[in-house]
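Every chain is numbered from 1 and lettered A, B, ... according to where its sequence line falls, protein lines coming before strand lines.
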Protein chains: 2
Amino acid sequence: MHLRLKKNSTAVRMKLTSAAQDATDTEKRGRKASKETRRQQLIEATIDSLAKRGYSETTLADVADGAGLSRGIVNFHFESKEKLLIATLQSMADEYAANWGAALEKAGDRAAAQLWALVACDFDRKICTKRKLAAWCAFWGEAKSRPTYQALCGARDVKYQEIFLALCQTLKDEGGYAYEPEGMTLALCASMEGLWLRLMMGDGLTREKAHAAAVEYLLVAFPRHFTREGPK
Amino acid sequence: MHLRLKKNSTAVRMKLTSAAQDATDTEKRGRKASKETRRQQLIEATIDSLAKRGYSETTLADVADGAGLSRGIVNFHFESKEKLLIATLQSMADEYAANWGAALEKAGDRAAAQLWALVACDFDRKICTKRKLAAWCAFWGEAKSRPTYQALCGARDVKYQEIFLALCQTLKDEGGYAYEPEGMTLALCASMEGLWLRLMMGDGLTREKAHAAAVEYLLVAFPRHFTREGPK
DNA sequence: ATATTTTGAATGAGTGTTCAGCAAATATGT
DNA sequence: ACATATTTGCTGAACACTCATTCAAAATAT
């Protein structure tokens with residue numbers, strides 16, 4: 001009797017889990033899931049909850065339900081709610097950084113191609129999902145009053161910024177453009193963040209349209225380097 | 001004894017109130033404050049709290065303390081916390097709209113001057129304070145999961161968007177530029193929102209630098225219409 | 001006197017955290 | 001091989017606490 005109940009509740013949980021468990025498909029389930037796997041599963045569930053309910057209404061109960069696990073689970077694998085949220089943000093930041101890092105690798109060594117790749121990868125399928133954008137935005141909203149979030153959000157980190165600036169500088173020299181590169185870079189980065197914000201808000205804006213808008217900017221700023229189809 | 005305590009606590013409250021009561025300086029204080037004045041006072045205290053503690057940690061107690069009033073006061077003047085927050089957002093949205101409306105009036109009827117004014121007024125002292133930017137961002141963070149916020153944030157409303165698009169269109173025709181005006185407008189608007197986001201985050205970015213970056217964009221996009229000092 | 005505004009204590013719903021106990025997995029002994 | 005002990009991951013009820021809301025009483029205005 002007792003056993004039957006247990007099995008039932010486990011079954012229900014398995015059904016409820018959706019995106020959160022996809023990440024663990026290649027790993028063993030149930031008891032055998034490793035510590036790191038379980039942590040990742042809870043992080044995914046946290047992103048789900050942030051996207052669905054927003055920061056202020058994300059509860060540990062939601063996260064646990066979303067992951068198909070019990071109430072006390074978060075405090076077992078993470079020490080506190082706060083630490084879960086920080087780990088979640090860290091995970092997203094890592095993924096983001098890895099994404100543009102890889103894009104830069106693949107782009108070769110021409111500056112124009114690198115800039116193009118850097119802009120394009122911001123609107124990549126993997127990174128630029130409604131779910132993740134919503135989670136980012138949830139953290140942005142809290143960042144001003146939380147130094148830890150602020151550091152991790154850091155819109156994009158310093159390195160990213162520097163690369164962007166260096167690329168704009170190079171293109172300016174190559175093309176003989178007249179603008180002031182710092183302001184230009186700032187406006188370009190801000191534009192991409194603003195496009196993310198709008199994507200998140202809904203509005204019927206699609207990833208493709210947002211990317212096209214960013215490209216339009218590139219065309220206007222660096223007419224001698226780009227066409228709508230890519231770097232010349 | 002009882003009375004003495006009361007007077008004391010009132011005195012403390014008066015001291016604590018800062019920005020929140022500035023708005024009521026021209027009005028009568030204490031009991032004599034009109035209903036509308038008190039509402040505005042509570043709204044200001046709400047913005048303060050959102051900026052200082054963020055959305056998720058803004059409590060009615062904070063707001064009441066900030067306004068120098070007692071705990072039950074919000075539920076008297078507003079029906080609930082939710083309604084206070086909506087009224088706060090509405091108030092900010094109204095102020096924002098009034099600001100660009102006025103800027104457009106003053107700009108005369110040349111499209112270039114109007115666009116310049118529209119960009120400039122986003123970085124106006126009155127609108128673009130850390131305090132208010134932080135409050136905006138707090139609402140953005142919650143907007144995805146709350147239709148009411150989403151409608152009021154609506155980054156900027158449809159009308160604003162249309163004006164921007166029309167202006168870009170006009171300038172394109174005048175100057176014979178080659179870009180695709182919808183993408184261009186979107187990127188421009190997004191850029192200004194992104195700049196707001198960065199201003200809010202801190203980073204040592206100033207209002208002036210942000211404005212300069214937006215101007216840099218205008219220069220690049222409409223070289224025949226603008227100089228760094230203004231419309232030609 | 002009556003109406004309006006304000007107070008502040010009480011209420012109760014919701015939530016993060018703790019922890020004793022259970023069960024699966026693994027190690028150890030026979 | 002089998003039984004037993006130990007470790008490890010997990011559960012869910014209990015707890016403490018925060019906070020929005022209510023409301024009776026007090027203060028003030030008309």
Residue A:F76, side-chain heavy atoms: nucleotide from D:dA20, D:dG9, C:dT6 that is nearest: D:dG9
B:E105 atom CD, neighbour heavy-atom count above 12 within 6.0 Å: no
Contact nearer the 5' end of DNA chain C, comparing A:E57 with A:E79: A:E57
Nucleotide nearest B:K35 (side chain, heavy atoms from C-beta), chosen from C:dT5, C:dG8, D:dG12: C:dT5
Atom-pair distance (CZ on B:R53; P on D:dC19), nearest Å: 10 Å
Spacing between B:L69 atom CG and D:dA27 atom C1', to the nearest angstrom: 14 Å
Nearest to side-chain heavy atoms of A:I73, which nucleotide of C:dT5, D:dC10, C:dG16: D:dC10
Whether B:W196 and B:W136 hold their rings parallel, tilted or perpendicular, with breakpoints at 30° and 60°: tilted
Beyond-backbone contact of A:K130 with A:L199, side-chain heavy atoms, under 4.5 angstrom: no
Separation of C:dT7 P from B:H77 NE2 (nearest whole Å): 9 Å
Candidates D:dG12, C:dT7, D:dT21 - which lies nearest the side chain of A:R71: D:dG12
Candidate nucleotides C:dT17, D:dT21, C:dG8, ranked by approach to the side chain of B:N75 - the nearest: D:dT21
Flag for A:S49-A:T58: side-chain donor and acceptor within less than 3.5 Å: yes
Selection from D:dC19, D:dT21, D:dG12 that lies nearest to any side-chain heavy atom of A:S70: D:dG12
Selected nucleotide, minimal atom distance to B:L60 side chain, candidates D:dA20, C:dT6, C:dG16: D:dA20
